[in-house]
Amino acid sequence: MLNLPNVLTLIRLVLIPVFIILFYLPSDRSNFYAALVFIVAAFTDLLDGYLARKLKLTTKFGAFLDPVADKIIVCTALVLIVEHYSLYRDILYPHLGKFITIPAMIIIAREITVSALREWMAELGKRANVAVSWIGKWKTTIQLVAIAGLIWRHNELMIYSSVIALGIATILTIWSMIMYLKAGWLYMKE
C-alpha cells in the first residue's frame, strides 16, 4: 500500500495545512512561499501518477487517494483566493474578485459533478468511459498555473495574467464536463 507514488500523494495532503498557514501569514513573502508549496503539491500530482504507471506501482489506495488529494488542494486554494480577492481593491478594475469567484464556483461544481459521474459509471462497470481526456489535462495544467499566480500575486501583470488563465481554464472546465456528461448520457437515458 505504501509505495513512492502513494507517499507523494500523502505528502500533498500534508502540504495543505502548510499552504493554508503560509497563505494567512502576515508577511511580505508568505504569498510567495504559499505559492511555492502549492506548486510543489501540484508537481507531486504529476510525479505520483507518472511513477505509478512507469514503475507499475498502481494501488487501489492510490487510485482513491490521488484524485481526493487533488480536489482538496485545488478547492482549498480556490476558496482562499476567492476570499482574498473579494477584499482586493484594484485601481484599474475594482470588481476583479468576480472574475475569480465565478470561475471558482464553476470549477468546484465541475469537480463535484464529474466525481459523482465517475462514481456512478463505476457502479455500472463503465468507469473507462469517463477516463481523463487531453482537454482535462490541459484544463488542470492551466488551472494550476492560474491558481499559483493568484496565490503569489507578485505584481499586477501576474494577477491579470492569472485571471485570464483562470478564464481559459474555466472554458476548458466546462468543455471537459460536457464531454464527460455526453459519455455518461447514453447510460442515463436507460
Side-chain angles (χ1 to χ4, degrees), residues 5-6 8-13 15-16 19 38-39 41-82 85 98-151 161-190:
N6 290 346
L8 289 171
T9 301
L10 290 170
I11 288 170
R12 190 160 61 255
L13 285 170
L15 287 175
I16 293 170
F19 163 66
F38 181 81
I39 291 166
F43 182 71
T44 65
D45 179 29
L46 296 172
L47 191 58
D48 68 7
Y50 172 78
L51 290 175
R53 287 184 296 278
K54 186 79 172 171
L55 302 175
K56 296 181 174 47
L57 294 173
T58 57
T59 65
K60 291 179 181 179
F61 177 70
F64 162 74
L65 195 60
D66 181 61
V68 169
D70 299 344
K71 285 162 185 42
I72 291 173
I73 189 91
V74 167
C75 290
T76 299
L78 286 170
V79 168
L80 291 175
I81 62 174
V82 163
Y85 288 96
K98 292 176 184 156
F99 289 100
I100 296 165
T101 302
I102 293 168
M105 290 186 303
I106 291 169
I107 291 167
I108 292 170
R110 182 258 187 212
E111 295 303 331
I112 293 167
T113 303
V114 171
S115 293
L117 178 65
R118 284 183 177 146
E119 182 180 333
W120 179 70
M121 293 291 282
E123 287 178 18
L124 298 177
K126 306 289 184 187
R127 173 72 167 85
N129 293 22
V130 286
V132 176
S133 68
W134 67 269
I135 293 169
K137 292 180 188 296
W138 275 104
K139 180 251 342 162
T140 300
T141 302
I142 296 169
Q143 176 181 287
L144 294 175
V145 169
I147 291 170
L150 290 168
I151 294 165
S161 300
S162 298
V163 169
I164 291 167
L166 189 65
I168 293 167
T170 303
I171 292 166
L172 293 175
T173 293
I174 294 166
W175 185 6
S176 69
M177 182 175 67
I178 290 169
M179 290 180 68
Y180 284 121
L181 290 172
K182 280 175 69 175
W185 182 249
L186 296 170
Y187 304 99
M188 290 181 204
K189 293 190 306 185
E190 294 176 357

Flag, side chain of Y180 to backbone of S115, donor-acceptor distance under 3.5 Å
no
Show your working on side-chain contact (heavy atoms from CB on, under 4.5 Å) between M105 and I102 and close with a plain yes or no.
CA-CA 5 Å; M105 290 186 303; I102 293 168; 4.0 Å; yes
Hey, can you tell me if F38 and F19 have their rings parallel, tilted or perpendicular (30° and 60° cut-offs)?
tilted
How close do [X] and [Y] get, heavy atom to heavy atom, and via which atoms?
| X | Y | answer |
| --- | --- | --- |
| I100 | P103 | O-CD, 3.4 Å |
| S162 | G149 | OG-CA, 3.2 Å |
| G62 | P67 | O-CD, 4.2 Å |

From [X] atom [atom1] to [Y] atom [atom2], the distance as rounded to the nearest 0.5 Å:
| X | Y | atom1 | atom2 | answer |
| --- | --- | --- | --- | --- |
| I171 | I142 | CD1 | CD1 | 10.0 Å |
| M179 | I135 | CE | CD1 | 4.0 Å |
| I81 | L150 | CD1 | CG | 4.5 Å |
| F61 | D66 | CZ | CG | 10.5 Å |
| L78 | K71 | CG | NZ | 12.0 Å |
| T76 | I16 | OG1 | CD1 | 5.5 Å |

Quiz: residues 41-54 side-chain donor-acceptor pairs under 3.5 angstrom, not counting sequence neighbours:
{"unit_1": "T44", "atom_1": "OG1", "unit_2": "R12", "atom_2": "NH1", "d": "3.1"}
{"unit_1": "T44", "atom_1": "OG1", "unit_2": "A41", "atom_2": "O", "d": "2.6"}
{"unit_1": "D48", "atom_1": "OD2", "unit_2": "T9", "atom_2": "OG1", "d": "2.6"}
{"unit_1": "D48", "atom_1": "OD2", "unit_2": "R12", "atom_2": "NH1", "d": "3.1"}
{"unit_1": "D48", "atom_1": "OD2", "unit_2": "R12", "atom_2": "NH2", "d": "3.2"}
{"unit_1": "R53", "atom_1": "NH1", "unit_2": "G49", "atom_2": "O", "d": "3.3"}

Would you call [X] and [Y] a side-chain contact if the rule is heavy atoms closer than 4.5 Å?
| X | Y | value |
| --- | --- | --- |
| V114 | L181 | no |
| T140 | D70 | no |
| I174 | R110 | no |
| Y85 | T101 | no |

Let me see the working for M188 and L117 under side-chain contact (heavy atoms from CB on, under 4.5 Å), right down to the final yes or no.
CA-CA 10 Å; M188 290 181 204; L117 178 65; 3.6 Å; yes
Has W138 got more than 12 heavy atoms of other residues, nucleotides or ligands less than 6.0 Å from its CH2?
no
side-chain contact (heavy atoms from CB on, under 4.5 Å) between L13 and L65, worked out:
CA-CA 9 Å; L13 285 170; L65 195 60; 3.7 Å; yes
Could you check whether E111 pairs with K139 (Lys NZ or Arg NE/NH1/NH2 to Asp/Glu carboxylate O, under 4.0 Å)?
yes
Please lay out, stage by stage, how L166 and I107 fare under the test side-chain contact (heavy atoms from CB on, under 4.5 Å).
CA-CA 10 Å; L166 189 65; I107 291 167; 3.8 Å; yes
